[in-house]
Amino acid sequence: MTLLTVWPDTGPGTVVVRTADPVEIADELKQLGVRYEQWPVIPGVTRENALEAYRAQVDRVTETEGYVMVDAMEMTPSDDPAWLESAGEARLKFLAEHTHDDDEDRFFARGAGVFYLHVESRVYAVLCEAGDLLSVPKNTTHWFDMGTRPDYVSIRFFHDDDGWVGNFTGSEIAKSFPTFDTLMAGR
């Protein structure tokens, strides 16, 4: 179940909006210039077959938005110490508030993650699950949490060949808000 939670940026003590209704989520995010769509969930999608499984949707987004590079990434939980270390390092990197010089479009083919958008004086946490496409406009301050045991396949869209490049703000605001694990547990 996709979930949108909105708080004042001064802390999560006051929930301004909390909804799992896809229409309400799309309407709320549209006011920020954020596109939210739901695509059909195709069982058995992996990094290797995600682009082909969602070819029609990927081609539509690529054509309408002018993307030049599209890839898929996968995180599958493991008890291997090397994987745990790698996943922990990746999580910390994305948990730091940042912006991009490009739009950040992500489609979740499997699993879940939370995008936190810090716009004006509010934080919008969008818990995305399989079937969700979220488009974060360039220069929007945000962070991403994939949880302590990341488990997802996502399709990423880029306007240039550099891929993911973050401009970190240095803010520690992300430490003040509920994590992916907390939001998943409290749904």
Side-chain angles (χ1 to χ4, degrees), residues 1-4 22-76 86-87 89-119 123-147 150-169 174 180 183:
M1 168 182 72
T2 306
L3 179 67
L4 171 66
V23 174
E24 289 178 17
I25 292 171
D27 287 346
E28 188 77 28
L29 295 175
K30 187 176 183 178
Q31 296 175 43
L32 308 176
V34 174
R35 186 175 73 247
Y36 169 75
E37 297 178 11
Q38 289 188 312
W39 297 354
V41 175
I42 300 172
V45 172
T46 65
R47 180 180 58 79
E48 291 77 18
N49 69 11
L51 295 177
E52 193 53 41
Y54 287 96
R55 176 60 50 208
Q57 294 91 338
V58 167
D59 287 351
R60 177 182 56 83
V61 170
T62 300
E63 184 177 313
T64 59
E65 301 299 324
Y67 289 111
V68 299
M69 186 173 96
V70 180
D71 70 8
M73 69 177 300
E74 180 171 16
M75 296 287 285
T76 302
S86 174
E89 288 171 4
R91 182 177 186 227
L92 286 177
K93 174 180 161 183
F94 298 131
L95 272 175
E97 185 183 63
H98 60 277
T99 63
H100 300 287
D101 296 335
D102 193 1
D103 297 333
E104 183 168 359
D105 282 32
R106 296 292 180 271
F107 170 70
F108 287 84
R110 186 192 87 214
V114 180
F115 277 92
Y116 298 82
L117 313 173
H118 185 192
V119 180
V123 172
Y124 300 74
V126 186
L127 173 58
C128 295
E129 294 196 308
D132 290 339
L133 171 77
L134 189 73
S135 177
V136 179
K138 68 180 181 178
N139 299 318
T140 299
T141 308
H142 67 284
W143 64 94
F144 175 73
D145 189 2
M146 61 182 105
D151 186 8
Y152 65 90
V153 173
S154 69
I155 297 175
R156 308 179 308 169
F157 299 83
F158 302 100
H159 283 112
D160 61 52
D161 293 331
D162 292 336
W164 192 94
V165 178
N167 305 311
F168 295 94
T169 68
F180 168 87
L183 290 173

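What's counted below: heavy atoms across the whole structure, side chains too, no hydrogens, waters or symmetry copies.
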**Asked** With under 30° as parallel and over 60° as perpendicular, where do the rings of Y152 and F144 fit, or are they tilted in between?
**Response** perpendicular
**Message:** Can you confirm whether V34 sits close enough to K30 that some side-chain heavy atom of one is under 4.5 Å from a side-chain heavy atom of the other?
**Reply:** no
**Request:** Report yes if some heavy atom in the side chain of T62 is under 4.5 Å from a heavy atom in the side chain of V70; otherwise report no.
**Result:** yes
**Message:** I'd like to know if R106 and D132 make a salt bridge, using a cut-off of under 4.0 Å between side-chain N and carboxylate O.
**Reply:** no
**Item:** Main-chain N/O of I42 paired with Y54 side-chain donor or acceptor, under 3.5 Å
**Value:** yes
**Request:** Using a 4.5 Å cut-off on heavy atoms from C-beta on, say whether the side chain of T140 contacts that of Y124.
**Result:** no
**Prompt:** Would R110 and T76 satisfy side chain to side chain donor-acceptor pair (under 3.5 Å), going step by step from the backbone distance to the final call?
**Reply:** CA-CA 10 Å; R110 186 192 87 214; T76 302; 3.2 Å; yes
**Asked** Tell me, do L4 and Y36 make a side-chain contact under 4.5 Å, heavy atoms counted?
**Response** no
**Message:** Could you walk me through whether T169 and E97 satisfy the side chain to side chain donor-acceptor pair (under 3.5 Å) test, starting with their C-alpha distance in whole Å, then the side-chain angles of each, then the deciding distance to 0.1 Å, before giving a yes or no?
**Reply:** CA-CA 6 Å; T169 68; E97 185 183 63; 2.8 Å; yes
**Residue pair T2 / Q38, side-chain heavy-atom distance below 4.5 Å** = yes
**Message:** Is it the case that the side chain of N49 and the backbone of T46 share a donor-acceptor pair, with hydrogens and angles ignored and the cut-off at 3.5 Å?
**Reply:** yes
**Item:** Heavy-atom side-chain proximity of R35 to E65 below 4.5 angstrom
**Value:** yes
**Request:** Could you label the plane-to-plane angle of the F108 and F115 rings as parallel, tilted or perpendicular, counting under 30° as parallel and over 60° as perpendicular?
**Result:** perpendicular
**Message:** Given 3.5 Å as the limit, does a donor-acceptor pair link the side chain of D102 with the main chain of H159, or not?
**Reply:** yes
**Request:** Decide yes or no for W143 and V114: does some side-chain heavy atom of the first lie under 4.5 Å from some side-chain heavy atom of the second?
**Result:** no
**Request:** Evaluate the side-chain proximity of H98 to H142: yes if any heavy-atom separation is below 4.5 Å, no if none is.
**Result:** yes
**Asked** Which pair of non-hydrogen atoms, one from R60 and one from E37, has the smallest distance, and what is that distance?
**Response** NH2-OE1, 2.8 Å
